[in-house]
Amino acid sequence: MAEPVNVTVSDPETGEELESRIVDNDFMVICAGDRYIDGVQAYGNGTQVLTVKRRPATAGENR
């Protein structure tokens with residue numbers, strides 16, 4: 001089995017650490033910007049399928 005990992009999220013402009021977690025025998029999904037998890041399907045065999053979507057642009061917003 002793999003060793004635990006430390007996941008740290010920081011502000012790219014300031015370097016400030018926003019959150020830090022040790023992940024052991026698990027997974028983590030990080031969404032940034034306009035991405036979000038829309039759905040999760042979990043199956044009896046342990047498989048999980050996550051659907052990630054992009055939020056629609058608001059009026060006048062360029063992407």
Which is it for Thr51 and Ile37 under the side-chain contact (heavy atoms from CB on, under 4.5 Å) test, yes or no, and what are the steps along the way?
-> CA-CA 6 Å; Thr51 302; Ile37 297 173; over 6 Å; no
Test side-chain contact (heavy atoms from CB on, under 4.5 Å) applied to Val9 and Ser20, step by step | CA-CA 6 Å; Val9 177; Ser20 184; over 6 Å; no
Using a strict cut-off of less than 4.0 Å between a Lys/Arg side-chain nitrogen and an Asp/Glu carboxylate oxygen, indicate whether Arg55 and Asp34 qualify as a salt bridge.
->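 Salt bridge: no.
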Check step by step if side-chain contact (heavy atoms from CB on, under 4.5 Å) holds for Gln48 and Gln41.
-> CA-CA 6 Å; Gln48 295 183 359; Gln41 293 176 316; over 6 Å; no
Would one find more than 12 heavy atoms of other residues, nucleotides or ligands at under 6.0 Å from atom CD1 of Ile22?
->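 For Ile22, atom CD1 is not crowded (no more than 12 foreign heavy atoms under 6.0 Å).
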Ser10 versus Gly15, closest heavy-atom pair with distance =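 Looking at all heavy atoms of both residues, the closest pair is CB-O, 3.9 Å.
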Dump the intermediate steps for side-chain contact (heavy atoms from CB on, under 4.5 Å) on Ile30 and Val7, then the final yes or no.
-> CA-CA 10 Å; Ile30 299 173; Val7 178; 4.1 Å; yes
Looking at CG of Asn6 and CZ of Arg21, how far apart are the two atoms once the value is rounded to the nearest 0.5 Å?
->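 Between atom CG of Asn6 and atom CZ of Arg21 there are 11.0 Å.
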Does one hydrophobic cluster hold both Val40 and Phe27, with members joined at side-chain heavy-atom distances below 4.5 Å?
->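 Yes; tracing contacts between hydrophobic side chains, which count when under 4.5 Å, links both residues.
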